[in-house]
Amino acid sequence: MANTQAMCTSFLGEVLTATHNFGTAPIRAATTADTFKAALYLTTATVNASTTVYSSTNEVTGTGYTAGGVTVTNGTAPLASNTSVTAGTAYWTPSASITYTTVTLTTAFDTVLIYNSTQSNKAVSVHTFGSQTITAGTFTLTMPTNNTSTALLRIATT
């Protein structure tokens, strides 16, 4: 078992069906952005590109941590940039760091799953980091700069 960083394969197909709304979309019935969450997983889990939905199996447990994780601050609309007629990148990064406050997680964890809680908990992406434990503290995942080369989510054509 191993966690692997990847954009979830199911998410890639769902982008084309407009399942996920990272910003206000006037065409869908809902005109507000969907709610995205971030759940932490143990080092012994298997969360990867084939993950299709959030599951509590192998999610961390501990004092101050709520199953399902925390809500991702989504104040940044997705952006896109074309570098030529045939190449471009669509990208998005949460508008704030993902923070778990006053938690005690004594079993090693190394992965966060971003998922869409508005759309039946459909998986978006898996991000790995070094193995961590925390005792009565705050765990923060600092977000990268929102641009074509470092955004948290990037879909590129070449």
Side-chain angles (χ1 to χ4, degrees), residues 1-15 17-24 30 32-79 89-156:
M1 290 189 275
N3 297 312
T4 308
Q5 185 161 302
M7 192 171 297
C8 296
T9 305
S10 58
F11 170 73
L12 294 172
E14 292 161 357
V15 165
T17 62
T19 298
H20 303 276
N21 181 4
F22 289 87
T24 301
T32 58
D34 290 343
T35 298
F36 294 87
K37 296 191 93 179
L40 296 172
Y41 286 86
L42 302 172
T43 58
T44 56
T46 302
V47 185
N48 53 39
S50 64
T51 301
T52 58
V53 295
Y54 158 77
S55 169
S56 62
T57 302
N58 292 313
E59 183 179 10
V60 301
T61 58
T63 304
Y65 182 86
T66 302
V70 297
T71 300
V72 174
T73 304
N74 185 13
T76 305
L79 298 169
T89 303
Y91 56 98
W92 172 85
T93 298
S95 55
S97 296
I98 298 171
T99 304
Y100 305 83
T101 56
T102 318
V103 293
T104 297
L105 305 170
T106 57
T107 305
F109 61 96
D110 68 352
T111 302
V112 64
L113 171 69
I114 307 293
Y115 67 96
N116 187 337
S117 66
T118 303
Q119 300 297 325
S120 304
N121 295 331
K122 292 180 182 293
V124 173
S125 58
V126 178
H127 304 274
T128 57
F129 42 84
S131 180
Q132 306 286 318
T133 60
I134 189 165
T135 303
T138 297
F139 179 70
T140 302
L141 293 166
T142 303
M143 293 298 102
T145 302
N146 191 39
N147 63 37
T148 58
S149 59
T150 61
L152 190 66
L153 295 180
R154 295 183 308 276
I155 300 173

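These numbers come from the heavy atoms of this one structure, side chains and all, not from hydrogens, waters or symmetry mates. For the single chain, residues carry numbers from 1 onward in sequence order.
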Enter the distance from [X]:[atom1] to [Y]:[atom2] here, rounded to the nearest 0.5 Å.
| X | Y | atom1 | atom2 | value |
| --- | --- | --- | --- | --- |
| I155 | L12 | CD1 | CG | 6.0 Å |
| L113 | K37 | CG | NZ | 12.0 Å |
| M7 | L153 | CE | CG | 5.0 Å |
| F11 | Y115 | CZ | OH | 15.5 Å |
| N121 | Y54 | CG | OH | 7.5 Å |
| R154 | S149 | CZ | OG | 7.0 Å |

Mind checking what makes side chain to side chain donor-acceptor pair (under 3.5 Å) contact with [X], not counting sequence neighbours?
| X | value |
| --- | --- |
| T93 | N146 |
| Y65 | E59 |
| S50 | N48 |
| T71 | none |

Between [X] and [Y], is there a donor-acceptor pair closer than 3.5 Å when you use the side chain of the first and the backbone of the second?
| X | Y | answer |
| --- | --- | --- |
| T128 | T111 | no |
| T35 | T118 | no |
| D34 | H20 | no |

side-chain contact (heavy atoms from CB on, under 4.5 Å) partners for [X], two or more places apart:
| X | answer |
| --- | --- |
| T142 | S97, T140 |
| T57 | S55 |
| S131 | T43, A108 |
| T102 | none |

(message) Could you work out, with ring-ring contact (aromatic ring centres under 6.0 Å, His included) as the rule, every residue matching F36, not counting sequence neighbours?
(response) F22
(request) For F139, check ring-ring contact (aromatic ring centres under 6.0 Å, His included) against everything at least two apart and list the hits. (result) F109, F129
(message) Under the salt bridge (Lys or Arg N to Asp or Glu O under 4.0 Å) definition, can you give me all pairs with a residue in residues 121-138, not counting sequence neighbours?
(response) E14-K122
(request) Any salt bridge (Lys or Arg N to Asp or Glu O under 4.0 Å) involving residues 127-152? Give me the pairs, sequence neighbours left out, ordered by first then second residue. (result) none
(message) Quick check on side-chain contact (heavy atoms from CB on, under 4.5 Å): which of T61, D110, V112 does L40 satisfy it with?
(response) V112
(message) Are the side chains of T133 and T106 in contact, using a 4.5 Å heavy-atom criterion?
(response) no
(request) Flag the pair I98 / I114 as yes when at least one side-chain heavy-atom distance between them is below 4.5 Å, and no otherwise. (result) yes
